[in-house]
Amino acid sequence: MIDPRILRSEPEALAASLQRRGIELDIDSLIALDVRRRNERVAAEELRAEQKNAGKSISQAQGHERDAAIARAGELSEAYKTALATADALDAEFNEIWASLPNVVDETAADGTEEEDAEELRRWGEPEDGDFLDHLELGEKHGFLDVQRAAKVSGSRFGFILGPLVRLEFALVNYAMDRLEPHGFVPVVPPVLVRDHALFGTGFFPGDRDQVYALADDDLYLVGTSEVSLAAMHADEILDKDDLPLRYAGFSTCFRRESGTYGKDTRGIFRVHQFDKVEMFSFVHPDTARDEHDFLLAREEELVQGLGIPYRVMNIAAGDLGSSAAKKYDIEAWFPGQGRYREITSTSNTTDYQSRRLKIRFRDDDGNRLVYTLNGTAIAVGRWLIALVENYQEPDGTIVIPEALRDYVGFETIG
RNA sequence: GGAGAGGUGGCCGAGCGGUCGAAGGCGUUCGCCUGCUAAGCGAAUAGGGGGUUAAAGCUCCCUCGAGGGUUCAAAUCCCUCCCUCUCCGCCA
């Protein structure tokens with residue numbers, strides 16, 4: 001949720017932001033609606049004040065005077081109810097539009113509206129070309145991946161991860177936690193079933209409702225990322241300024257319906273309905289949010305570099321940002337099996353978009369202010385496993401475990 | 001799943017139709033006092049949204065788990081839901 005005051009203070013900034021995202025909106029009529037709803041609210045509140053005063057006089061009045069006062073208060077009460085209904089209806093109308101608006105884009109986000117418009121910031125490592133097996137072929141060869149049987153059990157876009165690849169998964173998770181905890185990230189295993197307010201609060205509802213698994217019988221939803229649980233963890237709280245930044249590293253399974261992706265990335269476990277992920281999440285002072293964003297990106301690069309996987313960093317285009325993000329960096333790793341760079345992390349500065357919805361504030365010297373929230377992938381396990389096995393395959397198909405993970409897995413090669 | 005008890009401000013806790021956004025305590029902040037510390041004295045101290053203002057301020061409305069209802073008037077009465085605790089059952 002954007003600060004509605006932007007409509008009064010700098011509507012042209014909102015217009016510019018929406019334009020960069022490629023969204024059409026009649027801002028003038030929205031401004032008019034905002035004025036109307038506030039006027040109606042004031043009118044209703046004035047009636048309410050009158051009614052309350054009338055009510056107070058009742059307790060002091062006697063006899064006929066009292067009867068008359070009650071009648072008068074009754075009239076005011078009716079008038080107030082009518083005015084309140086009008087004001088509420090206008091608010092609802094306004095809020096429905098307002099809640100659906102995406103965050104104001106950061107001026108340094110890349111221009112454009114498509115994935116291809118992302119700006120490449122830098123590259124690291126030497127991508128290897130040549131004859132590489134992709135992860136599915138490697139999985140079949142070594143028996144650590146089974147999508148056939150997963151389809152039998154659960155349908156398409158699922159996988160069994162087996163044997164050494166499971167060890168590698170746990171190694172990756174521990175590797176990440178070991179490197180994040182010294183930076184103040186508190187490890188968390190959060191709930192993966194959440195209420196709708198958590199999804200609304202993080203900006204996934206109403207926009208991305210079709211991407212979320214719902215458990216209708218229980219009014220619960222499966223999270224697509226632990227960002228949802230981690231953000232909502234401090235909902236309705238007023239944090240101590242001295243506690244900022246608050247950093248968490250959440251490990252959870254993530255569930256995504258992947259609707260609208262038919263035929264896209266159907267091979268192996270690159271794009272599946274369920275995967276595990278370590279996610280970084282920060283609650284920070286507004287003034288430090290940009291630094292924190294760079295900090296999260298630095299943590300991601302550190303993790304990828306530690307494993308020696310070639311990658312590039314992308315500044316995502318304004319029109320390709322999620323609704324809550326003002327700015328987003330993706331790291332794309334080199335996947336020899338696909339012969340191209342693909343996303344393995346994503347970090348977003350969501351400014352106060354989520355904290356306004358979730359009411360997460362901190363005590364400042366002159367009042368309470370909304371915190372800024374940021375999130376970033378530490379390890380998206382599935383894709384990182386793929387990147388590892390594809391990049392570390394030898395000509396004979398053997399997979400070498402990178403130095404940084406050997407102590408965790410307890411072996412040096414697969415195959 | 002069954003039975004019971006509760007959810008009030010940063011925390012504890014009173015209030016159970018009007019004078020209550022709410023006693024009292026703790027905590028915190030500021031000031032005073034005390035040659036240190038502790039104690040003592042005085043004052044301030046919930047959140048949100050409007051109006052007005054250059055700002056300070058003034059003012060109005062909403063919020064006592066959430067949402068409905070009754071009433072001229074609801075923290076207080078009624079309904080639904082959520083959550084917490086205790087006991088029993090089940091269970092990794």
Side-chain angles (χ1 to χ4, degrees), chain A residues 1-10 30-99 189-201 205 214-221 229 232-244 246 252-253 283 352-371:
Chain A
M1 192 104 66
I2 313 168
D3 188 344
R5 281 173 294 204
I6 195 174
L7 275 180
R8 296 162 234 170
S9 58
E10 36 182 357
L30 194 58
I31 290 173
L33 177 59
D34 180 46
V35 169
R36 267 172 64 214
R37 73 187 250 269
R38 275 153 50 217
N39 287 343
E40 288 298 328
R41 179 67 51 190
V42 168
E45 287 182 357
E46 279 170 355
L47 276 171
R48 175 67 166 160
E50 265 190 76
Q51 185 216 343
K52 284 175 75 172
N53 283 328
K56 275 178 192 161
S57 67
I58 290 173
S59 52
Q60 284 136 25
Q62 299 289 327
H64 290 308
E65 255 181 66
R66 187 182 165 88
D67 293 341
I70 288 178
R72 168 83 183 129
E75 284 167 27
L76 284 168
S77 175
E78 284 307 312
Y80 168 63
K81 275 178 193 154
T82 307
L84 183 67
T86 307
D88 284 350
L90 284 172
D91 267 356
E93 190 184 333
F94 177 82
N95 286 334
E96 192 180 333
I97 298 169
W98 199 250
V189 178
V192 293
L193 287 171
V194 300
R195 298 195 166 151
D196 63 354
H197 91 265
L199 284 154
F200 180 82
F205 282 4
L215 282 75
D217 288 347
D218 300 281
D219 287 324
L220 288 169
Y221 301 85
S229 316
M233 178 165 61
H234 286 294
D236 298 314
E237 292 183 26
I238 300 174
L239 305 170
D240 194 328
K241 185 173 73 171
D242 297 332
D243 289 341
L244 301 179
L246 271 181
S252 85
T253 303
F283 300 86
D352 58 2
Y353 192 84
Q354 297 180 330
S355 61
R356 179 167 292 104
R357 292 178 177 224
L358 291 167
K359 297 190 179 64
I360 309 172
R361 290 157 296 179
F362 68 99
R363 239 173 260 291
D364 203 3
D365 298 331
D366 37 55
N368 298 323
R369 298 176 62 191
L370 294 167
V371 301

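The sequence lines fix the lettering, A, B, ..., with proteins before strands; numbering per chain opens at 1.
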What's touching nucleotides 52-60 of chain B from the protein side, N or O pairs under 3.5 Å?
none

Atom pairs under 3.5 Å, N or O on each side, protein against nucleotides 79-82 of chain B: can you list them with distances?
unit_1	atom_1	unit_2	atom_2	d
B/C82	O3'	A/R195	NH2	2.5
B/C82	O2'	A/R195	NH1	3.2
B/C82	O2'	A/R195	NH2	3.1

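Separation of the C1' atoms belonging to B/G18 and B/U76 is 11 Å when rounded to the nearest angstrom. Taking the C1' atoms as reference points, B/G9 lies 11 Å from B/G13, given to the whole Å. B/G51 and B/U45 have their P atoms separated by 25 Å, with the value rounded to a whole Å.
Contacts of A/Y221 classified as ring-ring contact (aromatic ring centres under 6.0 Å, His included), with partners at least two apart in sequence or in another chain: A/F205. For A/E46, the side chain to side chain contact (heavy atoms under 4.5 Å, CB included) test picks out A/V42, with sequence neighbours left out. When the side chain to side chain contact (heavy atoms under 4.5 Å, CB included) test is applied to A/E50, the partners found at least two apart in sequence or on another chain are A/L47, A/R72, A/L76.
Using a 4.0 Å heavy-atom cutoff across all strands shown, A/Q51 reaches sugar-phosphate atoms only and no base atom.
A salt bridge links A/D3 with A/R356: the distance from a Lys NZ or Arg NE/NH1/NH2 to an Asp or Glu carboxylate oxygen falls below 4.0 Å. Classification of A/D352 and A/R369 as a salt-bridged pair fails, no side-chain N sitting under 4.0 Å from a carboxylate O.
In terms of heavy-atom proximity, A/P4 sits nearest to A/W98 at CA-CZ2, 3.5 Å.
When the side-chain nitrogen and oxygen atoms of A/R8 are compared with OP1 and OP2 of B/G50, one or more of them lie within a distance under 4.0 Å. Between A/K52 and B/C62 there is a side-chain polar atom (N or O) within less than 4.0 angstrom of OP1 or OP2. At least one side-chain nitrogen or oxygen of A/S77 sits closer than 4.0 Å to the OP1 or OP2 atom of B/A73.
In this structure, A/R36 atom CZ and B/G50 atom C1' are separated by 18 Å, rounded to whole Å. Whole-Å rounding puts the A/D67 CG to B/A73 P distance at 16 Å. What separates CG of A/D236 from P of B/C83 is a distance of 15 Å, to the nearest Å.
Nearest nucleotide to the side chain of A/R38, out of B/C62, B/G51, B/G47: B/G51. Distances from the side chain of A/I58 to the nucleotides B/G50, B/A73, B/G18 place B/G18 closest.
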Can you give each donor-acceptor pair under 3.5 Å made by side-chain atoms of residues 77-86 of chain A, sequence neighbours left out, with the distance rounded to 0.1 Å?
unit_1	atom_1	unit_2	atom_2	d
A/T82	OG1	A/E78	O	3.1
A/T86	OG1	A/T82	O	3.0

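Between the side chains of A/Q354 and A/R357, no donor-acceptor pair is found at a separation under 3.5 Å.
With RNA chain B read from its 5' end, the first of the two nearest nucleotides for A/G55 and A/E50 is the one closest to A/G55. Along RNA chain B, the nucleotide nearest A/I70 and the nucleotide nearest A/R361 are compared for position; the residue whose nucleotide lies closer to the 5' end is A/R361.
At least one donor-acceptor pair closer than 3.5 Å links the side chain of A/S355 to the backbone N or O of A/V371.
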